[in-house]
Amino acid sequence: MGEQQKKGQEQDVNQLRKVRREKLADLQANGKNPFEITKYDVTCHAMDVKENYEEMEGKQVSLAGRVMQKRVMGKASFCNILDQSGNIQSYVARDSVGEEAYKDFKKLDIGDIVGIEGEVFKTKTGEISIHASAVKLLSKSLQILPEKYHGLTNTDMRYRQRYVDLIMNPDARDTFIKRSKILSSIRRYLDGQGFLEVETPMLVSNAGGAAARPFETHFNALNEDFKLRISLELYLKRLIVGGLERVYEIGRVFRNEGLDTRHNPEFTLMELYQAYTDYNGMMDLTENLYRHVAQEVLGTTTITYNGVEMDLGKPFERITMVDAVKKYAGVDWNEVKTTEDAKKLADEHHVEYEERHKKGDILSLFFEEFAEEHLIQPTFVTDHPIEISPLTKKKPENPEYVERFEFFMNGWEMANAYSELNDPIDQRERFKAQEELLAQGDEEANTTDEDFLNALEIGMPPTGGIGFGIDRMCMLLTDSAAIRDVLLFPTMKTIGGDAKSGKSDKAAAKAEPAKTAEKIDFSNVKVEPLFEDMVDFETFSKSDYRAVKILECEAVPKSKKLLKFVLDDGVRKNRVILSGIHEYYEPEELVGKTGIAIVNLPPRKMMGIDSEGMLISAVHEEDGHEGLNLLLVDDRIPAGAKLY
């Protein structure tokens with residue numbers, strides 16, 4: 001869009017806003033201030049009328065909603081109003097509402113909120129409508145709604161201004177109504193099974209129960225540092241100790257990690273614990289719960305996500321992690337005897353691991369690399385290695401493994417369950433091992449929780465426990481592509497904000513004096529020496545460098561280094577490239593940017609994903625540390641532009 005055209009549109013919008021304020025001032029001057037109205041008697045909603053037309057025909061009703069369309073035709077007009085349930089048309093005639101009221105109606109703007117009283121009827125074209133006998137302005141809209149809202153493409157605006165998205169995008173409204181119904185259905189099912197819904201602290205001194213990095217804060221009254229909880233587990237188990245035999249909580253948890261299509265730093269988790277059962281009992285409960293919710297909310301146990309059908313009506317598959325790795329990677333872990341053997345296998349299969357990893361850790365990495373993506377239909381993956389399960393009971397017949405399962409659909413982990421560890425001596429040893437990992441630099445390791453150990457020493461019965469990702473469940477049941485599509489207000493970077501301080505540009509300018517242009521000292525910067533070998537021009541010209549638009553960017557699960565990019569290369573909009581730059585960039589800050597990539601390299605498997613090229617970065621060394629800058633170019637360069 002040209003600068004002149006853009007400026008002209010802004011002037012038009014500003015003029016329209018000015019006219020709306022003038023209309024409001026005129027209403028107020030004539031004693032018709034809509035903002036003084038405190039209530040309106042609504043007797044039904046749009047869908048009530050449409051779905052029950054036969055019994056409501058000819059009856060007087062009263063509805064309220066937002067004006068979305070208006071067609072003025074002399075002495076009679078039509079308007080379309082939107083309430084929570086949907087749209088309905090109203091026929092407004094001067095002879096029915098009165099001359100003064102009709103003049104006021106003609107001055108209404110799109111976006112105004114009105115109350116309409118009238119009789120239910122059908123127009124000559126067969127459209128169910130309300131023949132208005134009265135129209136009342138309840139609230140004046142002073143802002144301009146988009147004429148044609150870009151709800152499918154302008155995703156950033158949808159997430160930032162969800163209120164506009166809900167008005168203009170029926171699919172978004174339907175998604176969040178379904179989300180509410182999903183949560184209600186879960187509660188009804190669990191309440192019917194004798195579970196008690198409880199609430200536990202969000203501010204904790206020890207954030208345990210999961211492998212995640214917590215947010216930290218300070219409580220002024222106690223002059224003490226606290227953390228935001230990363231799970232619900234340790235407090236709910238205390239309640240099992242206290243004699244509450246079946247408990248659950250649905251609540252927000254907070255993890256100081258990256259943003260991508262499946263992760264948000266605050267998300268909804270449900271955890272439940274049941275005394276006197278084990279992980280097999282949790283499998284049965286999960287299968288029955290998912291089936292119940294799908295049937296109650298969607299009316300079917302067969303769901304479709306991204307064009308793929310998943311059947312919740314059939315018995316869910318159950319497979320051990322060892323058998324899954326054997327099935328999909330062709331490696332029999334029963335024959336792997338030592339950590340050294342495991343690392344050798346990892347090297348042979350190009351599976352990345354860290355020096356501290358043990359045999360069980362590497363089994364988990366093999367599973368993630370080769371098996372996860374195949375678990376599309378509902379599947380329980382059971383019997384995890386003890387190294388990755390610090391709060392779980394060992395299998396009596398094989399103490400290298402624990403009684404744990406993860407529930408998968410669509411290749412995603414949907415739930416995680418244990419036969420809970422209730423041996424306080426064993427639990428102390430597990431905490432000790434976690435503390436050692438913490439000392440080795442694992443920021444996600446647990447720390448010892450003495451009060452929780454004290455609770456276990458009081459005595460906890462045999463217990464089954466499970467954690468469900470509610471947001472992912474909602475994604476699947478509403479066919480939503482990203483977690484932000486099922487969160488009303490997802491976490492977003494402040495527009496024009498300082499990434500480190502969180503301040504907006506204006507706030508930062510007030511807080512700090514103006515700075516002169518930064519002078520960069522390159523005297524302590526090292527770059528890799530130039531290649532001495534020459535490359536002929538013909539060889540070089542075979543590398544196809546293209547401008548690419550970054551459509552999506554997300555962290556690769558279980559990898560601390562890799563980011564997965566979905567790119568528009570000018571030919572197709574789903575080129576996938578993986579790049580090990582997560583240390584330098586968070587996914588959110590790269591979406592929408594224009595980079596440079598080599599697009600004619602053969603695909604290379606990384607963490608089980610085909611990487612179709614290479615994004616270009618500049619690497620240097622400064623004070624003994626590697627620095628990296630992704631090569632980003634002007635966004636005016638189109639996708640597919642070739643570099644010569």
Side-chain angles (χ1 to χ4, degrees), residues 42 44-52 63-66 82-88 151 158-159 162-199 232 246 248-253 262 264 266-272 285-306 308-313 316 378 407 409-410 412 414-415 466-490:
V42 174
C44 63
H45 286 84
M47 284 303 109
D48 298 332
V49 175
K50 289 184 173 181
E51 291 174 359
N52 303 286
L63 299 91
R66 189 179 299 273
L82 172 71
D83 63 20
Q84 178 177 295
S85 69
N87 286 280
I88 194 164
R158 284 185 58 202
Y159 300 146
R162 183 66 82 189
Y163 42 91
V164 179
D165 185 33
L166 293 171
I167 294 167
M168 305 303 298
N169 188 346
D171 290 339
R173 193 163 56 252
D174 182 59
T175 291
F176 290 107
I177 290 171
K178 277 182 182 168
R179 180 186 172 107
S180 179
K181 289 179 178 178
I182 288 166
L183 288 166
S184 296
S185 182
I186 290 169
R187 286 187 164 99
R188 272 194 297 275
Y189 179 80
L190 293 177
D191 293 347
Q193 297 295 310
F195 282 85
L196 300 173
E197 184 172 10
V198 297
E199 294 172 303
L232 313 171
R246 298 187 182 203
Y248 76 96
E249 181 173 6
I250 300 174
R252 285 293 220 224
V253 296
R262 282 185 287 159
N264 195 70
E266 57 172 312
F267 61 97
T268 303
L269 182 65
M270 179 179 77
E271 291 195 33
L272 63 86
L285 184 146
T286 301
E287 194 164 333
N288 292 332
L289 173 64
Y290 260 77
R291 206 167 281 146
H292 167 87
V293 172
Q295 186 65 53
E296 190 168 89
V297 176
L298 305 178
T300 178
T301 55
T302 301
I303 67 169
T304 302
Y305 184 81
N306 197 23
V308 178
E309 256 193 21
M310 295 170 224
D311 191 349
L312 294 164
F316 296 2
F407 172 49
M409 286 180 69
N410 193 51
W412 302 347
M414 304 297 295
I466 189 166
F468 290 88
I470 294 297
D471 303 314
R472 289 187 189 178
M473 184 183 193
C474 291
M475 286 173 68
L476 279 184
L477 294 181
T478 62
D479 197 7
S480 298
I483 192 170
R484 291 180 176 185
D485 295 327
V486 296
L487 296 175
L488 280 166
F489 300 102

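Numbers here are sequence positions counted from 1. This is a predicted model, so every value here is computed, not measured.
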Under the 3.5 angstrom rule, does the side chain of [X] hit a backbone N or O of [Y] as a donor-acceptor pair?
| X | Y | answer |
| --- | --- | --- |
| Tyr305 | Thr478 | no |
| Ser85 | Ala46 | yes |
| Arg246 | Gln193 | yes |
| Asp83 | Gly86 | yes |
| Thr175 | Asp171 | yes |
| Asp479 | Asn306 | yes |

Could you pull out the closest heavy-atom pair between Asn288 and Tyr189, with the gap in Å?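 That would be CB-OH, 3.1 Å.
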Mind listing the closest non-hydrogen atom pair of Leu232 and Leu269 along with its distance?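 Taking Leu232 first and Leu269 second, the nearest heavy atoms are CD1-O, 3.7 Å.
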Rounded distance [0.5 Å steps], [atom1] in [X] versus [atom2] in [Y]:
| X | Y | atom1 | atom2 | result |
| --- | --- | --- | --- | --- |
| Leu183 | Lys178 | CG | NZ | 14.5 Å |
| Ile303 | Leu298 | CD1 | CG | 7.5 Å |
| Asn264 | Phe489 | CG | CZ | 13.0 Å |
| Asp174 | Asn169 | CG | CG | 10.0 Å |

Got more than 12 heavy atoms from elsewhere within 6.0 Å of NZ, Lys50?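 Enclosed.
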Checking His45 now: which residues fulfil ring pair (Phe, Tyr, Trp, His ring centres under 6.0 Å) with it, not counting sequence neighbours?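 Counting only residues at least two positions away or on another chain, His45 forms no ring pair (Phe, Tyr, Trp, His ring centres under 6.0 Å).
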What pairs with Arg291 under side-chain hydrogen bond (donor to acceptor under 3.5 Å, both in side chains), at least two apart in sequence or on another chain?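 Once residues adjacent in sequence are excluded, the partners of Arg291 under the side-chain hydrogen bond (donor to acceptor under 3.5 Å, both in side chains) criterion are Glu287.
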Test of ring centre spacing under 6.0 Å for Phe316 and Tyr290: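 Judged by ring-centre distance (under 6.0 Å), Phe316 and Tyr290 do not meet the cut-off.
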Side chains of Thr268 and Arg179: is there a donor and an acceptor less than 3.5 Å apart?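 There is such a pair (donor and acceptor under 3.5 Å, judged by atom type) between the side chains of Thr268 and Arg179.
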Less than 4.0 angstrom from a charged side-chain N to a carboxylate O is my criterion; do Arg162 and Asp165 meet it?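 Between Asp165 and Arg162 there is a salt bridge, with a charged N closer than 4.0 Å to a carboxylate O.
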